[in-house]
Amino acid sequence: MSLPDMVDVADKLAYFQAITGLEDPEICTEILAAHGWDLERAVSSFTSTNSESSASAAVDGGGGGGGDDHFDPATRQILDRPEQQENAAPAPSLAWKIITLPISVISGSLGLVSGAVGLGLWAAGGILSYSLGVIGLGSGSGQNAESSARLVSVSAAASEAIDFVSAFERDYGTTRPNFVGEGFMDALQRSRNAFKLLFVYLHSPDHPDTPLFCGRTLCSETIAAFVNENFVSWGGSIRASEGFKMSNSLKASRYPFCAVVMAATNQRIALLQQVEGPKTAEEMLVILQRVLEESSPVLVSARLDAEERRNNVRLREEQDAAYRAALEADQARERQRREEQERLEREAAEAERKRKEEEEARERAAREAAEREAALARMRQEKAMSLGAEPDKGPNVTQVLVRFPTGERKERRFHSSASIQTLYDYVDSLGCLEADGYNLVSNFPRVVYGTEKLSLSLKEAGLHPQASLFVELTS
């Protein structure tokens, strides 16, 4: 065999192992050889139960093979040899076996694309076309169209689960585990949220032990009630895409096949128990009870951790709420204090403004009063100067007596030719009156010497040689 042929064989072998999950290179080599090293045919024996090359084997190849009922005759003959059964790994007891889920289970066969690209450009024709068809990226014709129809996306996985539940209930009745109608990863997340283990049942519809196991064990009232109370249940047919992938992930070698798993880390599950082959209801109950008892501390711890996290979150939220309330109260007090301070400042400013206005008014009034006083003083001085010197007694001199409202009396001599205005100027010059408006009045007879008589002389007014007048205020 030339070097290129050896490389081609090695690539096909690696690719076949990557797709099927078979670890024994000798078995993979024999299967490939049985199919003439046609990689597409060999892979189809594992993934295309409805293809022309494997349809008759899936329908008519009864019994004996357990989980390989869906393989074609060449593949089933290799897997059914006694030495392969002897070398098969025994079913694990309760153990924390961590299984990495294939990318195809998580995101819909994307691992096939990366594997096909990694194997080299030699597969770019038929093999790569087949792989792309499996994940729904092919041309949509022929066998690739059928593979594309089986693409497992989130909605397709849920659709498969719903179809399985419907078919299972139709075949075995309503007394059964309550299989969730959603994909495996959603069921796993549901079990995590409920702090329960996930009960997995992989259904091989053509296996001879399947009807008896489902009817008498899985659907017995005891097992159904126990599973429904203590587990989240997920079931899938190995004829469906996700059920087949899970059978590879869980290394299912015999049917009927049940497993108990729980979520571990990202894209990993902890395999707690595998139950392979037919079991009675009593045997199944003992196994499930033991798994539940031994896993109880973990579930309780997970529930307590979750409750502690919730309590911590609630405590933080309460603390945050209390802090926000205290902060809002402090802000309200600070706002109230600031508003009170602003009010006091406004009142102080208003009081200061009023004080200044009053002070200015007082100053203005004092100034005006001073100005008036000064004006009166000047007026009195001017009028006193206009009177001239008091004349001596004589025949042409009139003696005038003036009485003020306060009772004060003033007396002076004037020339008889002096006018009545001269008497007013005399009274003004004395500064004895606070009021501006007044009249000079005589009593007997009463005569008011008002503005119309200011130009009369004393003699003409009948006030010579002497006169007694009093001041009568007018305002």
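Note that the structure is predicted; figures quoted are calculated from it, not measured. Scope of the values below: all heavy atoms of this structure, side chains included, with no hydrogens, waters or symmetry mates.
No side-chain donor from either of Gln289 and Glu293 sits under 3.5 Å from a side-chain acceptor of the other. No side-chain donor from either of Arg335 and Gln331 sits under 3.5 Å from a side-chain acceptor of the other. Side-chain contact of Glu307 with Asn311: a donor-acceptor pair under 3.5 Å is absent, judged by distance alone. Remark: the Thr174 side chain and the Glu169 side chain contain no N/O donor-acceptor pair separated by less than 3.5 Å. Between the side chains of Tyr255 and Asp206, no donor-acceptor pair is found at a separation under 3.5 Å. When only modelled atom types and interatomic distance are considered, Ser249 and Lys245 share no side-chain donor-acceptor pair under 3.5 Å.
The pair Arg355-Glu358 does not count as a salt bridge, with every side-chain nitrogen at least 4.0 angstrom from each carboxylate oxygen. Salt-bridge formation is detected for the pair Glu373/Arg380: a Lys NZ or Arg NE/NH1/NH2 atom is positioned less than 4.0 Å from an Asp or Glu carboxylate oxygen.
How far CD of Glu357 is from CD of Glu359: 11.5 Å, rounded to the nearest 0.5 Å.
Checked by atom type and distance alone, the side chain of Ser166 never pairs as donor or acceptor with a backbone atom of Ile162 at under 3.5 Å. Distance alone, capped at 3.5 Å, places no donor-acceptor pair between the Ser295 side chain and the Leu292 backbone. Remark: side-chain polar atoms of Glu30 are not paired, donor with acceptor, to backbone N or O of Ile27 under 3.5 angstrom. A donor-acceptor pair under 3.5 Å is formed between the side chain of Asn228 and the backbone N or O of Arg176.
Applying salt bridge (Lys or Arg N to Asp or Glu O under 4.0 Å) to Glu340 and the options Arg338, Arg343, Arg337 leaves one that passes, Arg343.
Other residues, nucleotides and ligands contribute more than 12 heavy atoms inside 6.0 Å of the CD atom of Glu342. Atom CD of Glu221 is surrounded by 12 or fewer heavy atoms from other residues, nucleotides or ligands within 6.0 Å.
Residues passing the side chain to side chain contact (heavy atoms under 4.5 Å, CB included) test with Ala306, sequence neighbours excluded: Phe195, Arg309, Arg310. The ring-ring contact (aromatic ring centres under 6.0 Å, His included) check on Phe213 picks up nothing, with sequence neighbours excluded.
Inter-residue side-chain proximity for Phe257 and Leu250 is flagged as met; some heavy-atom pair is nearer than 4.5 Å.
Residues Phe179 and Phe168 place their aromatic rings such that the two centres sit under 6.0 Å apart.
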Q. Going through the checks in order, is the side-chain contact (heavy atoms from CB on, under 4.5 Å) test met by Met379 and Asp428?
A. CA-CA 8 Å; Met379 182 195 68; Asp428 290 339; 4.2 Å; yes
Task: Evaluation steps, salt bridge (charged side-chain N to carboxylate O under 4.0 Å, His left out), between Lys356 and Glu360 - done: CA-CA 6 Å; Lys356 288 183 178 181; Glu360 291 174 356; over 6 Å; no
